[in-house]
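Right, one structure below, let's go through it.
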Amino acid sequence: MRVYGTEIASRLLLGTAQYPSPAVLAEAVKSSGTEIITVSLRRETADGSGTAFWQELQKTGCRILPNTAGCHSVQEAVTTARMARELFGTPWIKLEVIGHSDTLQPDVFGLVEAARVLSGEGFQVFPYTTDDLVVGEKLLEAGCEVLMPWGAPIGSGQGLRNPDALRAMRAHFPGVPMIVDAGIGRPSDAAQAMELGMDAVLLNTAVAKAGDPAGMARAMALAVEAGRAGFAADPMERRDMAVPSTPVLGMAEFA
Amino acid sequence: MKIIVNAKPHEVSASDLQSALQELGFAGSAVATALNGTFVARSQRAEVQLAAGDCLEVLAPMQGG
């Protein structure tokens, strides 16, 4: 997968939140084989916990994709992105402009506006968006070179709520890297996204909140690989009725 | 003068942002700053003068999805 001119071998992107401990996070990152991890920015405390976390992140050797999680306005998201660029030393930004607190649904109008501002400033924007085709087009017009449609609401683990919409997006934007971001709960969800032709999946809670995060990280990596290989191998068409797989010709007659 | 740092009131004697960060104990920290809602780059901190009542955000890397 190539995003913004960077070749990425692993098609699994992993979030760093909600793990039971930093050690479990490090173990999960390792067993996932991911090359890209997402991080956030929050108010620094007197004990310098953010600085310590940053040192831990750098040990993973992964590329950092900072997010603008929790931002509800264009101004908040743009300011957060500018701060992230300086702090993490990367032009990459996972752009979130949240429109609704219950569903954490993107405010796609604010998203497109913020994407335009940030692209103009040289950012490489990874927009967390819905599965709406027209919004996808507007984001590309705004300068985005990758799209990150949701599978289901963030942290819900519901899997792909609207696979048909994702399939339509895939068909509509054949050359654009697409990453399903949010909603993946199980390895089968990740495999399904990849079978639809998505280029990658980004997940966090499904691994962090599993009983064995490192084990689930590995399961997700295998699912992503299997789903991708299945897509590449061009799956058969579904049929409404049974079709015998064993040849009918040459059947014996016993009656 | 009194300024608001990460939503809490603080008394600082420094007049510029760079010195204020040192005074507040952020000198050795990996932080990014915004003053009154506007990003202030590391290279600009020494030139930015503070006024009483200013709202300063000091952000650091944190776990995220």
Side-chain angles (χ1 to χ4, degrees), chain A residues 13-19 22 25 37-58 64-70 73 75-76 78-89 94 96 104 121 128 154-155 181-182 202-209, chain B:
Chain A
L13 288 73
L14 198 62
T16 57
Q18 305 183 78
Y19 292 82
L25 164 63
I37 51 178
T38 58
V39 297
S40 187
L41 287 116
R42 290 292 180 264
R43 285 169 171 163
E44 177 64 309
T45 49
D47 63 0
S49 60
T51 306
F53 175 61
W54 178 220
Q55 286 164 354
E56 288 298 314
L57 286 180
Q58 286 169 311
I64 303 292
L65 176 57
N67 69 27
T68 63
S73 71
Q75 200 262 340
E76 279 176 339
V78 167
T79 301
T80 302
R82 289 170 181 158
M83 296 174 88
R85 176 158 68 176
E86 180 183 84
L87 199 46
F88 297 106
K94 174 182 159 179
E96 294 183 36
L104 298 181
E121 294 181 14
Y128 163 63
I154 294 172
D181 175 17
L202 197 174
L203 53 88
N204 187 158
T205 313
V207 164
K209 290 296 182 189
Chain B
M1 77 186 115
K2 194 166 273 182
I3 62 169
I4 309 296
V5 183
N6 289 348
K8 286 184 185 146
H10 280 264
E11 188 67 36
V12 291
S13 55
S15 60
D16 68 279
L17 179 54
Q18 175 110 318
S19 312
L21 286 172
Q22 277 173 4
E23 199 180 322
L24 291 161
F26 293 117
S29 307
V31 292
T33 51
L35 190 63
N36 301 321
T38 304
F39 169 59
V40 179
R42 197 175 287 130
S43 58
Q44 299 170 334
R45 286 177 193 161
E47 296 150 32
V48 169
Q49 298 298 305
L50 297 173
D54 273 353
C55 285
L56 175 63
E57 291 287 346
V58 183
L59 304 191
M62 199 59 60
Q63 292 82 354

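Here is how names work: the chains are called A, B, and so on, in the same order as the sequence lines, proteins then strands, and each is numbered from 1.
- Distance alone, capped at 3.5 Å, is enough to place a donor-acceptor pair between the Q75(A) side chain and the G37(B) backbone.
- Between A34(B) and M83(A), the closest heavy-atom pair is N-CE, 3.5 Å.
- Put simply, of G70(A), S40(A), A52(A), the one with the most heavy-atom pairs under 4.5 Å next to chain B is S40(A).
- Here T51(A) is the residue among T51(A), N204(A), T205(A) with the most heavy-atom pairs under 4.5 Å with chain B.
- Remark: side-chain polar atoms of T79(A) are not paired, donor with acceptor, to backbone N or O of T38(B) under 3.5 angstrom.
- Residue Q55(A): no heavy atom, backbone or side chain, is found under 4.5 Å from chain B.
- Taking S49(A), A17(A), G15(A) one by one and counting their heavy-atom pairs under 4.5 Å with chain B, the maximum is reached by A17(A).
- At a heavy-atom separation below 4.5 angstrom, chain A is approached by R45(B) within residues 43-52 of chain B.
- Inspection of non-hydrogen atoms places N6(B), A7(B) of residues 5-23 of chain B under 4.5 Å from chain A.
- The contact list for residues 56-65 of chain B toward chain A, using heavy atoms and a distance under 4.5 Å, reads E57(B), V58(B), L59(B), A60(B), P61(B), M62(B), Q63(B), G64(B), G65(B) by residue number.
- Applying the ring-ring contact (aromatic ring centres under 6.0 Å, His included) criterion to F88(A), with sequence neighbours excluded, gives W54(A).
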